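Quick caveat: nothing in here was measured; it's all calculated off a predicted structure. Note that the numbering runs from 1 along the sequence shown for the chain. Below, each value reflects all heavy atoms present in this structure, side chains not excepted, and no hydrogens, waters or symmetry copies.
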Amino acid sequence: MRWESTMQCIQRGRTASAKNIAGQNVMITDAKSVLNMSITVTVSTQNPLASPGHNISIKTKKLLQNHEISAGARVNAWVDSMRASSPTHTKSTSSVTDDQVTWNLHHPSALEMFEQIIDASKGKQIVMFLDYDGTLSPIVEDPDRAFMSKKMRNTVRKLAKCFPTAIVSGRCRDKVYKFVKLAELYYAGSHGLDTKGPEKRSKSKNDGESVLFQPASEFLPMIDEVYKQLVDTTKSTPGAKVENNKFCLSVHFRCVDEKKWSELAQLVRSALTEYPKLRLTQGRKVLEIRPTIKWDKGKALEFLLDSLGFANCTDILRDRGQGFGILVSKFPKETSASYSLQEPDEVMDFLRRLVEWKQLSLQAQSRM
């Protein structure tokens, strides 16, 4: 997946506490502006009630729109959508160039516009949310080998010392943690359905617990059943890989011959016939099965912001001038982000510059 970053302001206001959110029936309006992004940098005029030594948190989300596929949709429509979101054919050079130039005018490089982004965040608290695949690690054919480089890990470690940092991914939270290996971060796996914060270091047992929220636990037996079925039925499709992300499933078709996409789509659709409480969405060369619960990466972002002590996190809207989005992709994509980056190496450069800026700011403050 490619990723995107958004820098947004949080205004003062009322919102439920983390405990209250966890106790409510999770039926919240989708945060579309967040769902279409891979990295989110949130800035606030408020001082966080939690983690007072931190200033930023980053969230990364899938860039591609996830198209929900209804039970009655034709397989042909599925395949058309799969081709649209997972292009395997290149356009003519002139067409690609024209599209790229036009797109770049609307989504300039976040590195080139770094000073402008920093100017907008001065005097405010910043929170960072990062996606994993295509953001902190390169896109690879085998999802089990999407390893994070040591340089990227060190960069994220330094980032977390400056700002509260969260990773929000469609993958299983435990699997993302094994890739990242940084205990000081917040992690939201399964598209936000499995969220856990860093354990607080304290002698008090109550203070030693970390934030943990799993609003779809009741769906686990159902998801396990479908996983076993898909592992068995997709054996007939060479290259298909079914990944159990605990609260959701991913059927990867990156290594599947395009002529087999229709067959694979039918197999996945058939497996869900008896499970109306599960829905099918689509990403870049992956079909994803999730609970029908209205909870996603956008809701996970709101929950994490609230747990960090930021009020009225639902007011994070770029169109109000409260944030900046950064999309990470080498190709033009539909996005609500303001800026762009092309690959994880550029992401690392951007994060390094954020850390350097923060460190210089603290040095300047200490001399005053």
Check your understanding: Do V286 and Q282 have side-chain heavy atoms sitting under 4.5 Å apart?
Key -> no
**Study point:** Any donor-acceptor N/O pair, T292 side chain to K277 backbone, under 3.5 Å
**Key:** yes
Check your understanding: What heavy-atom pair brings N245 and C172 nearest, and what distance separates the two atoms?
Key -> OD1-N, 3.1 Å
Review point. With a 4.5 Å heavy-atom cut-off, do L105 and W103 have their side chains touching?
Key: no
Point to revise | R353 NZ/CZ over F114 ring centroid, <6.0 Å and within 45° of normal | key: yes
Point to revise | For W295 against G192, the heavy-atom pair lying closest together | key: NE1-O, 2.6 Å
Exercise for review: Taking atom types as modelled, find out whether E112 and Y339 have a side-chain donor-acceptor pair closer than 3.5 angstrom.
Suggested key: no
Check your understanding: Around E274, counting heavy atoms of other residues, nucleotides and ligands shown, do more than 12 lie under 6.0 Å from its CD?
Key -> no
Review point. Could E243 and R171 be called an ion pair, given the rule that one side-chain N must be under 4.0 Å from one carboxylate O?
Key: yes
Review point. If you group Ile, Leu, Val, Met, Phe, Trp and Tyr by side-chain heavy-atom gaps below 4.5 Å, do V256 and V140 land in one group?
Key: no
Practice item. Verify side chain to side chain contact (heavy atoms under 4.5 Å, CB included) between F350 and L341, making sure each step is shown before the conclusion. Key: CA-CA 9 Å; F350 180 79; L341 293 170; 4.0 Å; yes
Review point. Side-chain contact, heavy-atom cut-off 4.5 Å: K181 with M148?
Key: no
Practice item. Look at D142 together with R254 and state whether they make a salt bridge at an N to O cut-off of under 4.0 Å. Key: no
Practice item. Taking the side chain as every heavy atom from C-beta outward, state whether T155 and D349 have any pair of such atoms under 4.5 Å apart. Key: no
Point to revise | Least distance between heavy atoms, M152 atom then L136 atom | key: CG-O, 3.5 Å
Exercise for review: State the CD-CG distance between E288 and L280, to the nearest 0.5 angstrom.
Suggested key: 9.0 Å
Check your understanding: Which value, rounded to the nearest 0.5 Å, describes the distance between S190 atom OG and R290 atom CZ?
Key -> 10.0 Å
Exercise for review: Take Q266 and S270 through the test side-chain hydrogen bond (donor to acceptor under 3.5 Å, both in side chains) and record every step on the way to the result.
Suggested key: CA-CA 6 Å; Q266 182 62 60; S270 297; 3.1 Å; yes
**Study point:** Heavy-atom pair with the smallest gap, counting every atom of D133 and I139
**Key:** C-CD1, 4.1 Å
Review point. Got L182 and R153 here, is their nearest side-chain heavy-atom distance under 4.5 Å?
Key: yes
Review point. Given T233, which of V231, L230, T237 fulfils the side chain to side chain contact (heavy atoms under 4.5 Å, CB included) condition?
Key: L230
Point to revise | Stepwise side chain to side chain contact (heavy atoms under 4.5 Å, CB included) test for H191 and C248 | key: CA-CA 8 Å; H191 294 282; C248 63; 3.8 Å; yes
Review point. Side chain to side chain contact (heavy atoms under 4.5 Å, CB included) between L193 and Q214: does it pass, once the steps are laid out?
Key: CA-CA 6 Å; L193 292 171; Q214 299 175 330; over 6 Å; no
Check your understanding: With a 4.5 Å heavy-atom cut-off, do K175 and D144 have their side chains touching?
Key -> yes
Practice item. For residues L278 and L249, determine if any side-chain heavy atom of one lies less than 4.5 Å from a side-chain heavy atom of the other. Key: no
Practice item. Answer yes if the side chains of E141 and H252 hold a donor-acceptor pair under 3.5 Å, and no otherwise. Key: no
Check your understanding: What's the shortest heavy-atom distance between S137 and P344, and which atoms?
Key -> O-CG, 3.6 Å
Practice item. Measure the acute angle between the ring planes of W261 and F253, then classify it against the limits of 30° and 60° as parallel, tilted or perpendicular. Key: perpendicular
Check your understanding: Closest approach of L264 and T234, non-hydrogen atoms and distance?
Key -> CD1-CG2, 3.9 Å
Point to revise | Aromatic centroids of F213 and F303 separated by under 6.0 Å | key: yes
Practice item. May I ask you to decide if the ring planes of Y132 and F179 are parallel, tilted or perpendicular, using 30° and 60° as cut-offs? Key: parallel
Review point. Going through the distances and angles, do T335 and H107 end up as a side chain to side chain contact (heavy atoms under 4.5 Å, CB included)?
Key: CA-CA 9 Å; T335 178; H107 310 283; 3.6 Å; yes
Point to revise | Stepwise ring-ring contact (aromatic ring centres under 6.0 Å, His included) test for F219 and F247 | key: CA-CA 7 Å; F219 290 88; F247 292 97; 9.1 Å; no
Check your understanding: Does F163 offer a backbone N or O that forms a donor-acceptor pair with the side chain of T165 under 3.5 Å?
Key -> yes
Review point. Under 4.0 Å between a Lys/Arg side-chain N and an Asp/Glu carboxylate O for K358 and E356?
Key: no
Point to revise | L267 with L287, same ILVMFWY side-chain cluster at under 4.5 Å | key: no
Check your understanding: Any side-chain heavy-atom pair from I223 and P291 closer than 4.5 angstrom?
Key -> yes
